[in-house]
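Report on the structure given below.
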Amino acid sequence: MTNPLGLEGFQHVYSGKVRDLYAPLGPDGAPVPDRLMLVASDRISAYDWVLDTPIPDKGAVLTRLSLWWFDQLADLVPNHVVSTDVPAAVAGRAVIVRRLEMLKLEAIARAYLTGGGLEEYRAKGSVCGVPLPEGLEDGSRLPEPVFTPTTKAPVGEHDLPMSPAEVEELVGADVAAEVSRLTRAILARGNEIAAERGILIADTKVEFGRAADGSGGLVLGDEVLTPDSSRFWPAAAWQPGRSQPSYDKQFVRDWLTSPESGWSRSSGEAPPPLPERVVEQTRAKYVEAYELLTGETF
Ligand SMILES: N#Cc1c(N)ncnc1-c1cnn(CCN2CCOCC2)c1
């Protein structure tokens with residue numbers, strides 16, 4: 001298995017759109033049983049494409065933000081973070097984590113109605129089996145966060161909505177109820193904190209696992225409440241009844257859909273490289289979100 005970053009003492013396990021997973025190797029050269037390393041890249045995705053142009057420091061900013069959120073949520077749920085003692089090549093954008101038995105579902109909660117949830121609401125008046133009030137629009141705030149889990153589709157395929165019965169069949173009724181409760185509580189806590197700082201978190205995806213030996217309860221894995229795992233909206237621009245501007249990706253989206261890019265979403269072709277000004281504006285939004293939420297300087 002190739003080692004894209006050439007990390008001595010680590011075996012590459014998996015690459016997602018913007019993050020990668022490595023296994024630390026022990027002195028015998030075998031993977032250490034209960035450890036993994038999550039590495040956040042500077043890659044950015046838009047319109048289902050991973051763009052050619054990296055956003056400098058994006059991986060480091062989102063790693064620090066996720067670590068901060070794990071701390072803010074520690075009273076709600078234990079997490080998989082072990083340390084940030086990582087190789088210099090990925091310092092600041094990688095985390096050593098406990099190896100978990102991950103639940104095979106994407107635990108999604110929605111506090112505002114948009115995207116796939118809005119489509120289902122318009123068709124059925126409900127989302128994932130949860131009836132919603134009439135008259136909701138794109139961007140409407142929901143009475144309370146709704147659990148809208150999906151499958152974990154293979155690379156290149158789309159995640160599919162799961163009904164409560166399908167979740168229970170996958171993980172059992174008790175774990176299904178706890179995953180729903182925790183996912184909604186994480187989003188509610190996130191919005192309590194973010195709204196005071198000018199950011200609305202419309203929805204979020206988290207991942208849970210259990211200790212490999214089966215001991216203990218659910219552990220929060222992956223990343224948490226970052227602009228990659230969640231929809232961040234600027235609170236001041238919130239206006240139900242239209243598509244909301246993205247806190248972090250609007251400069252990218254606006255340029256890619258402008259005549260200047262020469263690109264069309266319907267072309268099926270990869271988007272062109274981003275101009276430097278869009279890269280700088282986007283980097284600044286990630287840093288701004290981090291500094292607003294945490295009160296710390298990047
Ligand atoms: N987190 C975590 C974790 C863990 N603590 N233990 C075992 N497996 C995983 C794991 C394996 N894959 N994913 C999906 C999320 N990936 C993250 C990396 O980047 C690609 C997507 C999570």
Side-chain angles (χ1 to χ4, degrees), residues 1-5 7 10-26 30-45 48-51 54-55 58-71 73-74 77-87 89-90 92-109 149-160 162 170-171 175 179 182-183 186 203-230:
M1 189 171 287
T2 59
N3 188 332
L5 292 174
L7 294 174
F10 290 83
Q11 182 181 71
H12 177 252
V13 173
Y14 176 90
S15 280
K17 284 186 178 179
V18 296
R19 287 175 311 132
D20 307 297
L21 202 59
Y22 287 81
L25 302 177
V32 173
D34 63 346
R35 292 288 185 269
L36 288 169
M37 180 170 69
L38 277 184
V39 180
S41 75
D42 289 344
R43 300 189 297 266
I44 186 170
S45 67
D48 287 331
W49 289 90
V50 177
L51 304 188
I55 305 298
K58 174 176 179 280
V61 174
L62 297 197
T63 296
R64 282 174 63 172
L65 180 59
S66 188
L67 289 169
W68 182 83
W69 279 120
F70 277 125
D71 282 348
L73 298 163
V77 59
N79 62 64
H80 66 161
V81 174
V82 171
S83 85
T84 54
D85 180 16
V86 298
V90 291
R93 62 185 182 95
V95 183
I96 302 295
V97 299
R98 286 164 60 194
R99 187 190 290 259
L100 304 171
E101 293 292 331
M102 302 304 287
L103 301 186
K104 291 179 171 45
L105 64 93
E106 305 286 18
I108 297 166
T150 70
T151 61
K152 264 188 172 183
V155 175
E157 295 180 28
H158 287 292
D159 298 341
L160 300 174
M162 295 179 78
L170 183 69
V171 300
V175 170
V179 167
L182 286 173
T183 307
I186 288 165
D203 48 48
T204 197
K205 185 270 292 183
V206 294
E207 298 198 28
F208 294 99
R210 287 180 281 212
D213 63 8
S215 65
L218 291 174
V219 178
L220 186 58
D222 199 25
E223 62 182 333
V224 62
L225 294 174
T226 73
D228 274 349
S229 68
S230 320

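Here the structure is a predicted model, which is why all the values come from computation and not from measurement. As the structure lists them, so they are numbered: ligands from 1, and atoms in each ligand from 1. For this chain, numbers begin at 1 and follow the sequence in order.
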N/O donor-acceptor pairs under 3.5 Å from side chains in residues 97-108, not counting sequence neighbours:
| residue | atom | partner | partner atom | Å |
| --- | --- | --- | --- | --- |
| Arg99 | NE | Pro33 | O | 3.0 |

message = Please determine whether a side-chain nitrogen of the Lys or Arg among Asp228 and Lys17 lies less than 4.0 Å from a carboxylate oxygen of the Asp or Glu.
response =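 Here Asp228 does not pair with Lys17 in a salt bridge, since their nearest N and O are not under 4.0 Å apart.
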request  = Identify, with sequence neighbours excluded, every residue that meets side chain to side chain donor-acceptor pair (under 3.5 Å) alongside Thr84.
outcome  =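 By the side chain to side chain donor-acceptor pair (under 3.5 Å) rule, Thr84 matches no residue at all.
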I'd like a table of the close N/O pairs between ligand 1 and the protein (anything under 3.5 Å), one pair per line with both atom names and the distance.
| residue | atom | partner | partner atom | Å |
| --- | --- | --- | --- | --- |
| ligand 1 | 1 (N) | Asp222 | N | 2.8 |
| ligand 1 | 5 (N) | His80 | ND1 | 2.9 |
| ligand 1 | 5 (N) | Arg98 | O | 2.8 |
| ligand 1 | 6 (N) | Leu100 | N | 2.8 |
| ligand 1 | 19 (O) | Arg19 | O | 3.3 |

ask   = Near Asp85 CG, under 6.0 Å, is it more than 12 heavy atoms from other residues, nucleotides or ligands?
value =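 Atom CG in Asp85 is not packed in, count stays at 12 or less.
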Residue among Leu182, Val219, Asn79, Val175 satisfying side-chain contact (heavy atoms from CB on, under 4.5 Å) with Phe208 =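 In the set Leu182, Val219, Asn79, Val175, the residue that makes a side-chain contact (heavy atoms from CB on, under 4.5 Å) with Phe208 is Leu182.
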key: Non-neighbouring partners of Asp20 that pass salt bridge (Lys or Arg N to Asp or Glu O under 4.0 Å), sequence neighbours left out   =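 Testing Asp20 for salt bridge (Lys or Arg N to Asp or Glu O under 4.0 Å), a comparison that skips the adjacent residues, returns Arg43.
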